[in-house]
Structure formats: structure tokens, C-alpha cells
Amino acid sequence: MNPQIRRRHFLSMVGVGALGTTALAACSDDGGAGEEAPEGPVELRMTVWTASEDHLGLFQEIADAYVADHPDEVSAVTFETIPFDGYTTSLTTQLAGGNPPDLAWIFESNAPEFVQSGALVDVRETLSSTEGYDFEDVGETALELWQDGDALYAYPFSNSPFVMFVNTDRIAGSGQPNPADLVASDGWTYDAARDISAASAAALGGAGLVVRDFDYMNWTNLATVWGGWDAEPWSADGATSEFDSPEMVDALEWFHDAIFTQNAIPGPGTSADFFAGDTTMTITQISRASSLDGSFAWDIVPLPAGPTQQQNIVGQAGVGVLAAGKNPQAAANFLAYFTNPENSASLSLYFPPPRESLLNPETLAAGNPVFSEPQLGIVIDSISGATTKPSHANFAQVDTTARGALDAMWTPDADVAAVAADVSEAIQPLLEA
């Protein structure tokens, strides 16, 4: 499939194909990537989904230092926040509208779509040839989603593991065992987490266990649960649905019962925020620690073990250079600076890096004062051997279809196995597309 056809297919998959052939033509290989480099310094724009003032302040500090060192190449770097919900659709709308950013954050779930679409520039040569970059320090497994052959289409700047944050005040106040003690005695399981959560919610009110950002819509976050049952939504090659496998059905039945039978997990429409102090535990990424305000005692522990295994899960984000952008080489050069060893160490304050030299408690402690060194050891262990959240070359359509089919599961009397079978049947044609 030639690059222009691949890009059109990609844009239609992520929901902007209806904008028409004129808009799509703006994303062809005759766009910005093929233009002559402009004379004089250029302005670069990167889209991100964070609105955190701390994150954006750090990004701008790095960018301003780059501009100061490269005044003849870049005059300014700006960071455009697009809300997390709808981020990819907004990004691809910009692509289709002929207004692409120079660089963009990309979800791991959409990595195969972007890599295969021709929408991104191969940055391997720029990164590996930049003096002092030390490309060999980047863990090879972290690059897997973003490669196609020898080409590297994005840099995985964030490899944030999912862990369990625990409100130890609520644990103690409800007389429940401390999860850290259960980890030490090999008793830290999903059943234990469920029972502690249900008991603490019954005793203290509030909520027990929350899978943060799931909200009964972002179903891929449930990978943090079903991994303990060794379940997957589809086969490794992405061609065959496994949503109705016995392992997946068992995991979903456990989750359903924890909501509607044990009252361990708040049901649909219930607002519960761990960081407000009224929730016992939450599965989330360590970057959310910035929301802790010191109003309660807390700890982190690894994800619990399911009946089959204990599985580590990371949410990975890449940053890529858009082929249709006006300044691809200047953008790639900035990417090499943004992710060099020194700046990766600074970014590790919020985004665990793929650089193996930085993945030790001593180094991470310098940028993560909210965590103790033992807690950072848990973070590093949670990255080791981790799998990423589900991704697929047709993820946008699969995601929407699965989300709609799963709605029937979030009622007390749902037939979990039947709903899982319906989900599997609905997504199978899309996996083959």
C-alpha cells in the first residue's frame, strides 16, 4: 500500500475521513515533509494532552534552553494542550485540515495506526547520530511498539507503570490488613484487594477500589485487572478476538461481582477520587502522585496477583515528528534534545524514562521527592517485564465498538459471558480489517 493510501486509510479509521478528499490531500507525501527547509529560524509546535502547569513549565524550560542554544534553527517551541478525551481525533483532524503540529504525543493504543500510516517521520538516524544522545541506553523492549523494521517512528518518552495507591489511614481506620504486609507475605491478590476495599467502604463510607480513568468507558484500563488472569482481548498478531476466552470471562466476572455483589468497586455514575481522601485504593500511574496534597497517609504497592499470575502493566506514550509538518528535520533535532540523557532525567520527575541508566532508585529519587527510595524500587520493578495496554492497527474503530458492546455488562443482572461473546463477535471483523 503506498504512503498516501495508507494515510487516507489511517485517517478514516480514526474518524476524520468524512472531512473529504480535499482535506485528506493535505496529508499526502507532497505536504510539509517534502518542502525545502525554510530560511532562518522556525517555530515548532508540539501537541500534548497534559494541562498540568508543572509538566508544561518543565517542557517550556527545556524548550527555551534549546532555543537559546540554537537561535539560527528555532525561534520558539510551543506546547498545545488537547484534552485527553478526544485527543487522537483532534490531532488527526489537524492532520486532515492541513494544520499538523511539528511533534505530537501519541497513545500506545494508537501506536500501530500511526506507525503503519506513514504519518510519522523515521527519527532513528537523528537520535542515534546526535552527539551525547547515547541511543544504546534506551531499552529495546520500550521501542517495540514504535518500530517498523529498522525505522523508529516515535520515542517512548513515558513508560509509566500502573501500581496500586493505598490510603493507609483508611486501611488502619477500618482495621484491615496493610497491603504492604500482604506483599511481603505473598498474600497480595485481587481477592485480598477486593475484600479490604469492601470492608473499608462498609466501615468508613466512601469508596473501596477504583480503577482510575476507567469510568466504565476506557475499557483498556481493565488490562490492569485481567492481566492477573492471563487474559488478552485479542491474539498476539491482532487478528483474532479473545474477548470471549475463559480467562477473560473469569476476569470480567470477578470485576462484575466486585461491583455489584461485594460493593468493593463503585458502580457506574458514582464519583470517587482517591486523591480526595475518600477512597481506599486506586490502580493508576505514578504520575498521578502530583495530586497528593498531604491530607492523608498513603503508600504504593504492585498490582495484585490474579489466580494465574501477577502482571505488570505500563501505559506508554511516544512523541513523534509529523511527516506533514512544515519543519520535520528541525522537529527531529528538537526531539533529540528533549529526550537526551540530561533532559530525560528531568522528565523522569513525571514520566518514567526508557533509559536503563536512569531506572534506579537513586537517580529517580532526585526527580521524584514525593516517593521514598523503597517506593521507587516498586516503580522500577513494575516496569520490569511489563506489557503495555492493548494496541491495534485498527484501534480507533475497535475501541469504539468494544466500548458500546460492553455497556450491557455494567448492570447488576448482566450475563457476563454472553456480553463478552457479543463484544468478541462485534470486534472480530474490525480486527481483520
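Basis for what follows: all heavy atoms, side chains included, without hydrogens, waters or symmetry-related copies. This one's a predicted model, so the numbers in the text were calculated from it and none came from an experiment.
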Could you verify whether a donor N or O on one side chain and an acceptor N or O on the other, from S158 and Y350, lie under 3.5 Å apart? no
Under-4.0 Å salt bridge between D399 and R403: yes
Taking the side chain from S245 and the backbone from E242, do they hold a donor-acceptor pair closer than 3.5 Å? yes
Is a side-chain N or O of Q428 found less than 3.5 angstrom from the main chain of S241, in a donor-acceptor match? yes
For the backbone of S357 and the side chain of N360, can you confirm whether one donor and one acceptor N or O come within less than 3.5 Å of each other? yes
Output for pair (I286 CD1, L376 CG), nearest 0.5 Å, gives 7.0 Å
Surrounding CG of D69 (heavy atoms of other residues, nucleotides or ligands, distance under 6.0 Å), is the total greater than 12? yes
Exam field: side chain N159 to backbone P156, donor-acceptor pair closer than 3.5 Å: yes
Kindly give the heavy-atom pair with the smallest separation between A414 and H256, and that separation in Å. CB-NE2, 3.8 Å
For D122, salt bridge (charged side-chain N to carboxylate O under 4.0 Å, His left out) partners two or more places apart: none
Stepwise side-chain contact (heavy atoms from CB on, under 4.5 Å) test for S75 and V42: CA-CA 6 Å; S75 60; V42 300; 5.9 Å; no
May I ask you to decide whether R288 forms a salt bridge with D213, counting only side-chain N to carboxylate O separations under 4.0 Å? yes
Ring centres under 6.0 angstrom apart (F334, H70): no
Side-chain donor or acceptor of Q60 paired with backbone N/O of V77 under 3.5 Å: yes
Quick check with a 6.0 Å cut-off and a 45 degree axis cone: is R124 positioned over the face of Y133's six-membered ring? no
Working note: D237 + S235, criterion side chain to side chain donor-acceptor pair (under 3.5 Å); need CA distance, chi angles, decisive distance, verdict. CA-CA 5 Å; D237 63 5; S235 57; 2.6 Å; yes
Residue of the set F338, F84, F59 for which ring-ring contact (aromatic ring centres under 6.0 Å, His included) holds with W105: F59
Between E73 and N333, do the side chains contain an N or O donor and an N or O acceptor separated by less than 3.5 Å? yes
Show, in sequence, the C-alpha distance, side-chain angles and deciding distance for K389 and N221, and conclude whether the side-chain contact (heavy atoms from CB on, under 4.5 Å) test is met. CA-CA 7 Å; K389 291 168 57 183; N221 274 16; 2.7 Å; yes
NZ/NE/NH1/NH2 to OD/OE distance under 4.0 Å, R212 and D273: yes
What is the ring orientation for F107 with W49, classed by angle as parallel under 30°, tilted 30 to 60°, or perpendicular over 60°? parallel
Does a donor on one side chain and an acceptor on the other come within less than 3.5 Å for T280 and N167? no
Hey, does the side chain of N343 reach the backbone of Y337 with a donor-acceptor pair shorter than 3.5 angstrom? yes
Can you list everything that forms a ring pair (Phe, Tyr, Trp, His ring centres under 6.0 Å) with F296? Sequence neighbours excluded, please. F274
Mind checking what makes side-chain hydrogen bond (donor to acceptor under 3.5 Å, both in side chains) contact with E53, not counting sequence neighbours? none
Determine whether a donor-acceptor pair (N or O, by modelled atom type, separation under 3.5 Å) exists between the side chain of S344 and the backbone of T339. yes
Does CD in E425 sit with more than 12 non-hydrogen atoms of other residues, nucleotides or ligands closer than 6.0 Å? no
Indicate whether the side chain of N312 and that of Q310 have a donor and an acceptor atom separated by less than 3.5 Å. yes
Testing F255, W219, W226 one by one against F214 for a ring-ring contact (aromatic ring centres under 6.0 Å, His included), which residue passes? F255
Is there a donor-acceptor contact under 3.5 Å from the side chain of D148 to the main chain of A151? no
Measure the spacing between CE of M281 and CD1 of I196 and express it to the nearest 0.5 Å. 5.0 Å
For atom CD of E342, decide whether the heavy atoms of other residues, nucleotides or ligands shown that lie under 6.0 angstrom number more than 12. no
Quick one: ring pair (Phe, Tyr, Trp, His ring centres under 6.0 Å) partners of W146, sequence neighbours excluded? none
Mind checking what makes ring pair (Phe, Tyr, Trp, His ring centres under 6.0 Å) contact with W234, not counting sequence neighbours? H392
By the ring-ring contact (aromatic ring centres under 6.0 Å, His included) test, which pairs, at least two apart or in different chains, include something from residues 301-329? none
Taking atom types as modelled, find out whether Q375 and D299 have a side-chain donor-acceptor pair closer than 3.5 angstrom. yes
Any ion pair linking R45 and D102 (charged N to carboxylate O, less than 4.0 Å)? no
Distance from T92 atom OG1 to L95 atom CG, nearest 0.5 Å? 6.5 Å
Show your working on side-chain contact (heavy atoms from CB on, under 4.5 Å) between T126 and Q329 and close with a plain yes or no. CA-CA 8 Å; T126 297; Q329 189 56 59; 3.4 Å; yes
Main-chain N/O of F114 paired to S117 side chain as donor or acceptor, under 3.5 Å: yes
Residue pair A104 / T47: nearest heavy atoms and the distance that separates them: CB-OG1, 3.2 Å
Just by distance, with hydrogens left out, do Q94 and N99 show a side-chain donor and acceptor under 3.5 Å apart? no
